[in-house]
Novice: 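Here it is, the structure, as structure tokens.
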Amino acid sequence: MMKAAVLTEFGSPLSVERVPEPVLGSGEVVVDVVAAPVLPYAAEVFTGARRYLLTLPVTPGAGAVGRVRACGPDATKLAPGDWVLCDPTVRARDDALTPDITLQGLSARGEGGLLLQRHFGQGSFAERVLIPTENAVPLGPVDPAEAGRWSALCLCLVPYGGLLAGELQPGETVLVSGATGNFGGAAVAVALAMGAARVIAPGRNERALAALERRFGERVATVRLTGEAGQDSERMAAAAGGAPVDLVLDLLPPQAGTAPVRAAAMTVRERGRVVLMGGVGMLGGDDLALPYPWLMRNSVTVRGQWMYPRDASVRLAALARSGLLDLGRFDVTDFALDDAPAAVVHAAEHAEPFHLTVIRP
């Protein structure tokens, strides 16, 4: 048996219990969890407010950093003791074109994702976690005291997937819609690590905007939103300093309406790209309306993106190992596994960019 935090029903607090150890099979790896990040909106998932597909009871927790405990017979490079990132995006192996997906310990996409969740549903708020072999991403040597910061890769992977989908090129200008949120702040850091010349960061949280300016200097241009769509579009475009806006990445949460998404999208240049990967509309509300003539005559590409490609975690880990993505920018607050309920509350109360709440079993 091992210790784990368990969600027994939506709306109830996490309880720390003794649960069965994961059983290793072919094509799988068991990892001793050292640091598991807590999403700022975890409480919304656990109450059921987000309406995520999650089979209960469950040990939640999406992703972790830890050390390999045991490998299946198909692992040719991993070995016990290796430091790895546990990629929480688990894909079915029986359809290479459109695989069913579950986010381990968090959510599933459709009925196929729920089927996959039956086996890989238990997350990282535990002493050990079972993951597919391909989801164990080697990190090289890690100082155990820095494992929490390395777990920030789980957060950064989401915007990284959006920037890859938008085909960000070095020297381009990126606008991050939702830059004052946890994922949005990570998007700013990842875009700069990938070579963006400038990142435009709009928002209403003046404290968070000022913090972005302090962290990144003149490569980040912040814009305080007014709520007037036309005026906001003009001010965001002007923040590019005369350069065109090449790529817009939207990461706004479900509570946001479509107006700020549209205002941001309308700043993009001719033949520019807009990538949508936030939560707008997931809890109801208006659909996003973009002008057909504007899209067509300006050859604008609009793309939805959920998560990231299979190799993204390996490539992002390399960015961090090289120092291009500075994980030292993240302020980490650690909680013991026994204090998992308090960690969920803390994460919700500290949802601004570069604040990371971590459970350390």
Novice: Can you check whether Leu295's main-chain N or O pairs, donor with acceptor, with Asn298's side chain at less than 3.5 Å?
Specialist: no
Novice: May I have all residue pairs that pass salt bridge (Lys or Arg N to Asp or Glu O under 4.0 Å) and include part of residues 256-266, sequence neighbours excluded?
Specialist: none
Novice: Give a yes or no on whether the backbone of Arg215 and the side-chain of Arg329 come within a donor-acceptor separation of less than 3.5 Å.
Specialist: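 Yes, because the side chain of Arg329 sits within donor-acceptor range (under 3.5 Å) of the backbone of Arg215.
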Novice: Just wondering, more than 12 heavy atoms not from Asp287 lying within 6.0 Å of its CG?
Specialist: no
Novice: Indicate yes or no for a side-chain donor-acceptor contact from Asn182 to the backbone of Glu352 under 3.5 Å, with no hydrogens or angles considered.
Specialist: yes
Novice: Start with the C-alpha gap between Glu172 and Arg273, add the side-chain angles, then the distance that decides, and say whether salt bridge (charged side-chain N to carboxylate O under 4.0 Å, His left out) holds.
Specialist: CA-CA 12 Å; Glu172 289 192 323; Arg273 296 94 67 197; 2.7 Å; yes
Novice: Measure the shortest side-chain to side-chain distance between Val58 and Val6 over non-hydrogen atoms and say whether it is less than 4.5 angstrom.
Specialist: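 Counting from C-beta outward, Val58 and Val6 never come under 4.5 Å.
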Novice: Under the side chain to side chain contact (heavy atoms under 4.5 Å, CB included) criterion, do Trp150 and Val358 qualify, and how do the steps go?
Specialist: CA-CA 11 Å; Trp150 279 98; Val358 170; over 6 Å; no
Novice: Going by side-chain contact (heavy atoms from CB on, under 4.5 Å), name the residues that satisfy it together with Glu167, two or more places apart in sequence or in a different chain.
Specialist: Gln169
Novice: Between the side chains of Arg198 and Glu218, is the shortest nitrogen-to-carboxylate-oxygen separation below 4.0 Å, so that they form an ion pair?
Specialist: no
Novice: Does the pair Cys86 and Ile131 meet the rule for a side chain to side chain contact (heavy atoms under 4.5 Å, CB included), with working shown?
Specialist: CA-CA 7 Å; Cys86 301; Ile131 60 175; 3.9 Å; yes
Novice: Ignoring hydrogens and angles, tell me if any N or O in the side chain of Asn135 forms a donor-acceptor pair with the backbone of Asp87 under 3.5 Å.
Specialist: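 Yes; at least one donor-acceptor contact below 3.5 Å.
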Novice: Considering only NZ, NE, NH1 and NH2 on the basic side and carboxylate oxygens on the acidic side, decide whether Asp338 and Lys3 come within less than 4.0 Å.
Specialist: yes
Novice: Does Val31 belong to the same Ile/Leu/Val/Met/Phe/Trp/Tyr cluster as Met2, with side-chain heavy atoms less than 4.5 Å apart forming each link?
Specialist: no
Novice: For the residue pair Phe354 and Phe216, is the inter-centroid distance of their aromatic rings smaller than 6.0 Å?
Specialist: yes
Novice: For the hydrophobic clusters of this structure (ILVMFWY residues joined by side-chain heavy atoms under 4.5 Å, transitively), does one cluster hold both Val90 and Val29?
Specialist: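 Different clusters.
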Novice: Would Leu164 and Val137 show up in the same hydrophobic cluster when neighbours are defined by side-chain heavy atoms closer than 4.5 Å?
Specialist: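 Same cluster: Leu164 reaches Val137 through Ile, Leu, Val, Met, Phe, Trp or Tyr contacts under 4.5 Å.
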Novice: Does Gln117 use its side chain to pair, donor to acceptor, with the backbone of Leu53 at less than 3.5 Å?
Specialist: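 Confirmed, Gln117 side chain pairs with Leu53 backbone.
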Novice: For the pair Asp32 and Arg69, evaluate salt bridge (charged side-chain N to carboxylate O under 4.0 Å, His left out) and give the outcome as yes or no after the intermediate values.
Specialist: CA-CA 6 Å; Asp32 287 321; Arg69 186 178 185 87; 3.1 Å; yes
Novice: Side chains of Leu325 and Val190, heavy atoms from C-beta outward: is any pair under 4.5 Å?
Specialist: yes
Novice: Can you tell me if Gln104 uses its side chain to pair, donor with acceptor, with the backbone of Gln122 under 3.5 Å?
Specialist: yes
Novice: Within a reach of under 6.0 Å around CZ of Arg271, are more than 12 heavy atoms found that belong to other residues, nucleotides or ligands?
Specialist: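 Open.
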Novice: Using side-chain heavy atoms (C-beta onward) and a distance below 4.5 Å, is Leu56 in contact with Leu7?
Specialist: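 Yes, close enough: below the 4.5 Å cut-off.
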Novice: Is there a side chain to side chain contact (heavy atoms under 4.5 Å, CB included) between Leu192 and Val199 once you walk through the steps?
Specialist: CA-CA 7 Å; Leu192 293 173; Val199 177; 3.7 Å; yes
Novice: Would you mind checking if Asp246 and Arg269 are paired as a salt bridge, meaning a charged N to carboxylate O distance below 4.0 Å?
Specialist: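 Looking at Arg269 and Asp246, the cut-off is met.
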Novice: Look at the side-chain heavy atoms of Ile, Leu, Val, Met, Phe, Trp and Tyr, link any pair under 4.5 Å apart, and say whether Leu163 and Leu175 land in one connected group.
Specialist: no
Novice: Could you give me the CA-CA distance, side-chain angles and deciding distance for Ser313 and Leu153, then say whether side chain to side chain contact (heavy atoms under 4.5 Å, CB included) is met?
Specialist: CA-CA 8 Å; Ser313 52; Leu153 290 175; over 6 Å; no
Novice: Are side-chain heavy atoms of Val274 and Asp250 found at a separation under 4.5 Å?
Specialist: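 When only atoms from C-beta onward are counted, Asp250 and Val274 do not touch, as no gap falls below 4.5 Å.
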Novice: For Thr226 and Glu228, test the side chains for any donor-to-acceptor distance below 3.5 angstrom and give the result as yes or no.
Specialist: no
Novice: Rounded at 0.5 Å granularity, tell me how far CZ in Arg149 sits from CG in Asp326.
Specialist: 9.0 Å
Novice: Compare all side-chain heavy atoms of Leu78 with those of Pro138 and state whether any distance is below 4.5 angstrom.
Specialist: yes
Novice: Give a yes or no on whether Tyr160 and Leu276 share a hydrophobic cluster (residues Ile, Leu, Val, Met, Phe, Trp, Tyr; joining criterion: side-chain heavy atoms under 4.5 Å apart).
Specialist: no
Novice: Examine distances only and state if a side-chain atom of Ser124 and a backbone atom of Ala36 form a donor-acceptor pair shorter than 3.5 Å.
Specialist: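 No, because the side chain of Ser124 does not come within donor-acceptor range (under 3.5 Å) of the backbone of Ala36.
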Novice: Residues in ring-ring contact (aromatic ring centres under 6.0 Å, His included) with Phe120, at least two apart?
Specialist: none
Novice: Look only at the side chain of His355 and the backbone of Ala351, and say whether a donor-acceptor pair between them is shorter than 3.5 Å.
Specialist: no
Novice: Give the C-alpha distance, both sets of side-chain angles, the deciding distance and a yes or no for salt bridge (charged side-chain N to carboxylate O under 4.0 Å, His left out) between Glu270 and Arg297.
Specialist: CA-CA 8 Å; Glu270 181 181 349; Arg297 290 179 177 174; over 6 Å; no
Novice: For residues Tyr308 and Leu316, determine if any side-chain heavy atom of one lies less than 4.5 Å from a side-chain heavy atom of the other.
Specialist: no
Novice: Assess the side chains of Asn205 and Thr180: does a donor N or O sit below 3.5 Å from an acceptor N or O?
Specialist: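 No pair is found: no donor N or O on one side chain lies under 3.5 Å from an acceptor on the other.
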Novice: Would you say Thr258's side chain and Val280's backbone share a donor-acceptor pair under 3.5 angstrom?
Specialist: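 Pair absent, no side-chain N/O of Thr258 close to backbone of Val280.
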Novice: How about His119 and Glu28: does a side-chain donor come under 3.5 Å of a side-chain acceptor?
Specialist: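 Looking only at side-chain atoms, Glu28 and His119 do form a donor-acceptor pair, the distance falling under 3.5 Å.
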Novice: Please check if the side chain of Glu44 supplies one atom and the backbone of Tyr41 the other of a donor-acceptor pair under 3.5 Å.
Specialist: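 Side chain of Glu44 to backbone of Tyr41: no pair is present.
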